[in-house]
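Okay, handing you the structure first.
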Amino acid sequence: MPMRASRFHLATLKETPVDAEIVSHQLMLRAGMIRRHAAGIYSWLPLGLRILRKVEQIVRQEMDRAGALELLMPSFQPAELWQESGRWDQFGPELLRLKDRHERDACIGPTHEEIVTDIFRREVNSYRQLPVNFYQIQTKFRDEIRPRFGVMRSREFIMKDAYSFDLDRDAMQRSYDIMDQAYINIFDRFGLDYRAVSADSGAIGGSTSQEFHVLADSGEDAIAFSDQSDFAANIETVEALTPTGERAAPSAAMETVDTPGMHTIADLAAGLGVKAQQCLKTLIAEAEDGALVALVLRGDHELNVLKAERLEGVASPLRLAQREQIIKLLGVDIGSIGPIGLEIPTFVDHGAAQLSDFVCGANQDDKHLINANWGRDCAEPATADMRNVVAGDPSPDGKGQLRILRGIEVGHIFQLGQKYSESMQATVLDEQGKTTHPFMGCYGIGVTRVVAAAIEQNHDEHGIIWPSTLAPFQLAICPINYHKSELVKQAADEFYQKCQARGLDVFLDDRALRPGVMFSDMELIGVPHRVVFSERGLSAQQFEYKGRRDASAQELPLDDLAGFLERLFPG
RNA sequence: CGGGGUGUAGCGCAGCCUGGUAGCGCAACUGCUUUGGGAGCAGUGGGUCGGGAGUUCGAAUCUCUCCACCCCGACCA
């Protein structure tokens with residue numbers, strides 16, 4: 001839709017609202033795309049909605065093209081369906097529960113497996129109707145513990161969710177592969193730099209879950225890639241290969257040293273003049289039975305929560321012990337704990353187990369051990385993989401080294417199998433007339449999050465830089481002295497008509513403003529192309545063009561305006 | 001939910017310590033001048049100082065309490 005500024009609600013802010021922490025949130029507020037009403041609850045103003053619709057349209061077209069069928073399911077969902085699937089009890093407080101006037105339990109849908117399965121079991125009876133994939137683009141509600149970063153993690157948000165149904169596992173895999181390809185098409189069309197990564201660790205039989213991440217330094221997830229193969233996975237799932245070399249032999253006797261005030265690895269490394277990777281980091285977690293368990297890592301490594309939760313006896317979800325509890329049970333404060341002489345179950349990461357002559361806490365306040373050695377100063381430890389991989393680690397597929405990038409998760413596809421079809425008694429008759437539970441897949445895209453992620457990845461000091469496919473307007477016309485100069489008005493109006501005739505989302509800034517204001521606004525809202533008409537230029541038979549990423553504008557011949565438009569927007 | 005912080009005009013802030021009845025910049029509105037990078041001058045409107053209670057002759061300011069929001073940790077698209 002073409003638009004004149006005088007008829008549009010352009011609501012840009014010169015100053016940055018203080019409570020917006022990340023760039024995308026700041027720019028969305030400044031550009032006038034969204035406004036907040038409560039924590040994690042936003043309105044989309046006309047400008048923001050235009051972008052949201054572009055994202056939705058791309059998603060819709062590619063889903064349709066992949067053979068999925070759009071429908072629309074309710075936000076308000078009766079508790080009975082959730083009780084049937086068992087999730088009424090499993091889901092935490094993130095599920096917003098409520099009662100209607102008849103005191104009947106219900107919830108506002110955070111996702112729609114129950115509803116879609118209910119639809120399926122009523123509508124589909126025969127294998128002849130399979131495969132089928134229903135999808136919707138709809139508002140979800142998740143009562144996040146801490147909504148933050150604007151629409152990046154809001155409580156109410158728009159999601160595209162799709163659900164496939166197939167007769168058997170192989171067919172489910174085919175439906176999944178179709179969605180995988182559809183997602184690639186969708187993300188390609190967004191024009192964003194993204195990666196599809198495995199979100200499943202060592203599952204046999206290939207990947208059954210993939211996340212799609214938009215790459216951005218501010219991303220909350222870390223993604224590991226091989227530099228020599230197509231291996232890519234969320235870091236939380238990546239195996240750290242066990243070191244193959246022999247551990248070096250002890251070279252010095254163990255000693256206790258005073259380390260007053262040194263409570264972190266950084267303190268210790270600086271205070272003793274050693275490297276962090278020569279120190280041990282001992283974390284104390286709660287055990288399943290309420291007691292404590294020690295997790296020992298190399299000083300420069302980070303604990304991987306998913307891996308730790310899988311260790312025998314460690315409570316899941318992982319909970320690090322409270323300081324008071326540690327002092328009470330171990331008799332030593334955080335910062336001086338070490339594995340030697342520690343009387344609780346202890347797991348040592350392979351990296352830490354490989355060290356010799358290491359530094360670790362002495363289990364006495366403000367004291368550490370130096371030149372400690374496994375096997376000599378204590379028993380050989382129970383080892384496990386429990387750290388996050390780091391850049392330079394070998395790739396788990398044996399090819400190349402890992403690189404780490406940060407990403408924002410905007411899509412997730414996975415295979416559900418028969419979880420819901422069994423619990424909710426959804427069945428079809430197969431070719432033998434036998435009743436069978438279909439295999440499901442489920443495929444999500446965070447539509448509102450895509451918008452924020454696009455900004456997070458594409459902005460500069462002046463504002464947003466939209467990829468052309470997502471831009472609210474493809475082209476902005478900035479006439480200088482539109483209200484004073486008949487010449488300028490005529491040129492601008494005529495060009496606006498031409499753009500409109502080509503079906504472009506063109507924006508004509510017909511406000512009686514100084515050029516600087518128009519330019520700043522168009523840059524802030526991220527319009528990819530700008531054309532300027534002025535008395536000066538027109539009398540020299542010229543117009544001005546500047547791409548959003550261009551360093552400077554260029555003067556172009558007026559008689560080539562049509563050709564220029566044709567080249568900029570072919571077809 | 002734990003830890004930290006903030007609530008004063010649409011936005012950004014000062015005033016609070018040391019009580020005396022609210023101010024600045026931007027934005028908005030009117031007029032004039034301006035028109036190639038967020039203009040100038042003159043004027044105008046807008047605030048239960050987050051809510052409630054208390055202390056006091058008097059509370060934005062002191063006390064208590066409730067609420068909202070933001071940031072850091074466990075969840076997820």
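So that the names make sense, note that chain A is the first sequence line, chain B the second, and so on, each numbered from 1. Keep in mind that what you see is a predicted model, and the values were worked out from it rather than measured.
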Would you mind pulling out the nucleotide paired to B:A74, Watson-Crick or G-U wobble, both distances under 3.5 Å?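 Here B:A74 is not engaged in any pair, so there is no nucleotide opposite it.
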
Discussion item. Salt bridge or not between A:D550 and A:K546? Use side-chain N to carboxylate O under 4.0 Å.
Written reply: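 Looking at A:D550 and A:K546, the cut-off is not met.
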
- Task: Among B:C26, B:C69, B:U35, find the nucleotide with the atom closest to the side chain of A:R514.
- Result: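 The nucleotide sitting nearest to the side chain is B:U35.
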
TODO: Using only side-chain N and O atoms of A:R146, determine if any of them is under 4.0 Å from OP1 or OP2 of B:C71.
DONE: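 Indeed, a polar side-chain atom of A:R146 lies that close.
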
Could you tell me which nucleotide pairs with B:U18 by Watson-Crick or G-U wobble geometry, both distances under 3.5 Å, or answer none if nothing does?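 Base partner found: none.
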
Exercise. Got a donor-acceptor pair under 3.5 Å from the side chain of A:R153 to the base of B:C76?
Worked result: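 By the distance-only test, yes, there is a pair.
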
Q. Using centres under 5.5 Å plus planes under 30 degrees as the test, is A:F519 stacked with B:G38?
A.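 Not stacked by the 5.5 Å and 30° rule.
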
Margin query: What is the distance, to the nearest angstrom, from the CD1 atom on A:I186 to the C1' atom on B:A77?
Written below: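 From A:I186 CD1 to B:A77 C1': 13 Å.
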
Between A:E211 and A:R195, does any NZ, NE, NH1 or NH2 come within less than 4.0 Å of an OD or OE carboxylate oxygen?
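Between A:E211 and A:R195 there is no salt bridge, as every charged N stays at least 4.0 Å from the carboxylate O atoms.
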
Would you mind telling me which of A:R449, A:Q136, A:R142 makes a side-chain contact (heavy atoms from CB on, under 4.5 Å) with A:M159?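 Among the candidates, only A:R142 passes.
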
Is B:A42 paired to anything, Watson-Crick or G-U wobble with both distances less than 3.5 Å, and if yes, which nucleotide?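 Pairing partner, where one exists within any strand: B:U30.
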
Between the side-chain atoms of A:R148 and the base atoms of B:C69, is any donor-acceptor pair under 3.5 Å?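 For A:R148, whose side chain was compared with the base of B:C69, there is no donor-acceptor pair (under 3.5 Å).
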
task = May I ask you to verify whether the side chain of A:E523 and the base of B:G37 hold a donor-acceptor pair under 3.5 Å?
result =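 Counting by modelled atom types and ignoring angles, a donor-acceptor contact under 3.5 Å is found here.
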
- Task: Please determine, for B:G54, whether a Watson-Crick or G-U wobble partner exists with both distances under 3.5 Å, and give it or none.
- Result: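 Result: B:C62.
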
From C-beta outward on A:V18, which listed nucleotide comes closest to its side chain: B:G37, B:C13, B:A77?
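Of B:G37, B:C13, B:A77, B:C13 is nearest to the side chain of A:V18.
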
Can you tell me the distance, in whole Å, between the CD atom of A:E236 and the P atom of B:C76?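 Going from A:E236 (CD) to B:C76 (P), I get 10 Å.
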
Problem set entry | Parallel, tilted or perpendicular: ring planes of A:Y183 versus A:F187, cut at 30 and 60 degrees |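 If you compare the ring of A:Y183 with that of A:F187, the planes turn out tilted.
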
_Whole angstroms only, please: what is the CD-P distance between A:E156 and B:C76?_
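Roughly 20 Å, once rounded to whole Å.
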
**Q.** Lys/Arg N to Asp/Glu carboxylate O, A:R511 vs A:D521, below 4.0 Å
**A.**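 So A:R511 pairs with A:D521 through a salt bridge.
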
